[in-house]
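These notes are about the structure you will find just below.
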2 protein chains.
Amino acid sequence: MHSEIKYWFLRDHKLFRVLSNDQLKQLCVITGFKEGKKGDIIYFSDSKEPRIYFLKKGAIKISEVDVNGNEITKEIIQKGDLFGELSLDTTIANNEFAQVLTNSVTICSFMLKDFEALMEQHPDLALSYTKLVGLKFKKLKNSYSNLVFKDARSRLIQFLKDWAARDGNETLDAIVIENYLTQQDIAHIICTTRQTATQLLNQLETEGHLKYDRKELVLDKQFVLQN
Amino acid sequence: MHSEIKYWFLRDHKLFRVLSNDQLKQLCVITGFKEGKKGDIIYFSDSKEPRIYFLKKGAIKISEVDVNGNEITKEIIQKGDLFGELSLDTTIANNEFAQVLTNSVTICSFMLKDFEALMEQHPDLALSYTKLVGLKFKKLKNSYSNLVFKDARSRLIQFLKDWAARDGNETLDAIVIENYLTQQDIAHIICTTRQTATQLLNQLETEGHLKYDRKELVLDKQFVLQN
DNA sequence: CTTATAATGTCGGGTAAATGACAAAACCGC
DNA sequence: GCGGTTTTGTCATTTACCCGACATTATAAG
């Protein structure tokens, strides 16, 4: 691929459409360009030079592992989304990392300080970015509430609905999702154990709401619309 | 109090120091000035005219109640802090409200749209604001991890340490906090029941780590530093 | 001081979900 | 195809915490 093309990857994100070509070049995404395959770890949050990443193709998860090896997944990042040190804060450490879920990903990235400089010059950009962070903040608040108020089954259903909305292809009476998540992955997202996730998925399948296999997930349309 | 003085309340927050007097006046905080007493509800998140609030004096909690009447407290706001529609997003509903904890509070506020307009003109402001929201985002991520990884006792201890850091007065071998929280309040913060919170507090008291009563909380300094 | 109200203390039973352990099935590289 | 590895299925046991109930104590209000 010609490197000229790589420069314009960021245009896929509405945040960067307000920028001129020269401004976009300031971010110097070429050096931050990379491809990855399933299982690769993209970054650790305590890296010396904080960056922001743009996912051009594929899907990744943002996770944290505690001292006992327990993992939770805080967010699934899809094609066209940003991740990394979005909070612009580099003082408080957190043990987050990003791992590739799909067979391959394409990523470009830029340094936090370059981005901040650009925002100083471009108030539009700063405001849009603030809203982007604000939205992610709000979504996490929502996950937090769900975790406290709802049981594992409800959280699973909620997740499946969200996944369908983000990633599903509608057919006549179903929504089909190309499945790049194991039941273990799903368990981490809804904050439960693998065994519980398995049981609940089978329970939902028995009830006729979905069909799960390693390749794809088919959700009953009625089921997704209700609840 | 002269209304001229009220205008400059916001100067207490470092976010607003970059602004000129005229710019600060644009926010029109006078109309949003109010005092409140313990138990008062300051705002609901689904209000028609979203605002951002600055807490000049006192302490409040940001909570959510679900359909069954269960409550969680997402954040304690102290003197000098901002709250309200900080995410700048008005599309997704969440049932948050703010309630006064201390005997009295002093608050000023301004409308979201005025603030956004100001950020458009003042990239510095937008950038600082993003960092502020980013920090809150990061703190919530931390609470989320704690909720999943740690048991109620650990979460209580973590909360007490945070509270001591924010609000405590150091003595020779203890940290004294003026107590404006009931055990029910604390339970909401650490996402457990009142009964569990009570048991854990008494357990910690029996172990000699603290002394809790309705007026004040005394934490053993060793205890706060360790763990 | 008296009484109402709110906050704290305590206990036993019930339960969702974790844990650990193992088997079966699906997938992948060769 | 075969053999190793990953993923999924199932179950019996344990546990942290919830839930409801009630007694006791502190605080506020008349």
Side-chain angles (χ1 to χ4, degrees), chain A residues 37-40 61 66 68-73 99-104 146-159 178-207 210-217, chain B residues 37-40 61 66 68-73 99-104 146-159 178-207 210-217:
Chain A
K37 61 177 199 306
K38 185 180 276 197
D40 285 358
K61 64 175 177 179
D66 78 349
N68 303 316
N70 303 307
E71 177 176 340
I72 51 172
T73 296
Q99 192 167 21
V100 178
L101 294 168
T102 45
N103 287 324
S104 71
N146 275 342
L147 189 54
V148 179
F149 292 141
K150 310 242 177 95
D151 63 10
R153 186 179 208 260
S154 307
R155 295 202 304 274
L156 175 60
I157 291 171
Q158 185 60 54
F159 165 71
E178 189 205 351
N179 183 17
Y180 47 83
L181 296 174
T182 65
Q183 300 187 353
Q184 178 66 267
D185 288 332
I186 294 174
H188 289 151
I189 294 167
I190 64 172
C191 299
T192 186
T193 56
R194 201 263 314 161
Q195 293 93 319
T196 301
T198 299
Q199 278 181 355
L200 291 172
L201 278 169
N202 290 335
Q203 188 181 310
L204 291 174
E205 185 148 3
T206 308
E207 292 168 10
L210 57 82
K211 251 170 64 60
Y212 177 100
D213 69 48
R214 269 137 120 148
K215 293 279 162 53
E216 67 174 20
L217 173 63
Chain B
K37 61 177 199 306
K38 185 180 279 197
D40 286 357
K61 64 175 177 180
D66 77 349
N68 303 316
N70 303 307
E71 177 176 342
I72 51 171
T73 297
Q99 191 168 22
V100 178
L101 294 168
T102 45
N103 287 324
S104 70
N146 275 343
L147 189 54
V148 180
F149 292 141
K150 310 244 177 92
D151 63 9
R153 186 179 209 263
S154 306
R155 294 202 304 273
L156 175 59
I157 292 172
Q158 185 60 53
F159 165 70
E178 188 205 352
N179 183 17
Y180 48 81
L181 296 174
T182 65
Q183 300 188 353
Q184 178 65 266
D185 289 332
I186 294 175
H188 289 151
I189 293 167
I190 64 172
C191 299
T192 185
T193 55
R194 201 263 313 161
Q195 293 93 319
T196 301
T198 300
Q199 278 182 355
L200 291 171
L201 278 168
N202 290 335
Q203 188 181 310
L204 291 174
E205 186 148 4
T206 308
E207 292 167 11
L210 56 82
K211 250 170 65 62
Y212 178 99
D213 69 46
R214 270 138 118 149
K215 293 279 162 55
E216 66 174 19
L217 173 64

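In what follows, chains are A, B, ... by sequence order, proteins preceding strands, each numbered from 1. Not measured: the values here are computed from a predicted model.
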Side-chain-base donor-acceptor pair under 3.5 Å for Gln195(B) and dG20(D): yes

Any donor-acceptor pair under 3.5 Å from Glu178(A) side chain to Glu216(A) backbone: no

Divergence of helical axes at both termini of the helix from dC1(C)-dG30(D) to dC30(C)-dG1(D) - five pairs an end, 10° steps: 50°

Rounded interatomic separation in angstrom, taking CG from Asp66(A) and C1' from dA18(C): 14 Å

Rounded distance (Å) that lies between atom P of dA16(C) and atom NZ of Lys150(A): 17 Å

Donor-acceptor pair, side chain of Asn68(B) and main chain of Asn70(B), under 3.5 angstrom: no

Phosphate OP1/OP2 of dC18(D) contacted by Thr193(B) side-chain N/O (<4.0 Å): yes

Main-chain N/O of Lys150(B) paired with Arg155(B) side-chain donor or acceptor, under 3.5 Å: yes

Interatomic distance where CG belongs to Leu200(B) and P belongs to dC18(D) [whole Å]: 9 Å

Separation of atom CG in Leu181(A) from atom P in dT8(D), rounded to whole Å: 10 Å

Nucleotide dA16(C), atom P - distance to CD1 of Ile190(A) in whole Å: 16 Å

Closest to side chain of Thr198(B), choosing from dC19(D), dT8(D), dG9(C): dG9(C)

Residue mapping more 5' on DNA chain C - nearest nucleotide basis, Asp151(A) or Lys215(A): Asp151(A)

Backbone N/O of Gln199(B) and side chain of Asn202(B): donor-acceptor pair under 3.5 Å: no

Gln184(A) CD - dA26(C) C1' separation (whole Å): 17 Å

Nucleotide of dC18(D), dT7(D), dT10(D) approaching Thr192(B) most closely (side-chain heavy atoms): dC18(D)

Distance below 4.0 Å between Asn202(A) side-chain N/O and dT8(D) OP1 or OP2: no

Rounded interatomic separation in angstrom, taking CZ from Arg194(A) and P from dT6(D): 14 Å

Audit row: Ile190(A), Gln158(A), side-chain contact (heavy atoms from CB on, under 4.5 Å) steps and yes/no: CA-CA 9 Å; Ile190(A) 64 172; Gln158(A) 185 60 54; over 6 Å; no

Whole angstrom value for the distance that separates P of dT8(D) from NE2 of His188(A): 12 Å

Under-4.0 Å side-chain N/O to phosphate OP1/OP2 contact, Thr196(A) with dA16(C): no

Side chain of Gln199(B) (C-beta onward), nearest among dC11(C), dG9(C), dC11(D): dC11(C)

side-chain contact (heavy atoms from CB on, under 4.5 Å) between Leu101(A) and Leu181(A), intermediate numbers included: CA-CA 7 Å; Leu101(A) 294 168; Leu181(A) 296 174; 3.7 Å; yes

Nucleotide nearest Arg214(B) when distance is taken to its side chain, options dT8(D), dT27(D), dT10(C): dT27(D)

Check against side-chain contact (heavy atoms from CB on, under 4.5 Å), Leu156(A) and Thr196(A): CA-CA 10 Å; Leu156(A) 175 60; Thr196(A) 301; over 6 Å; no

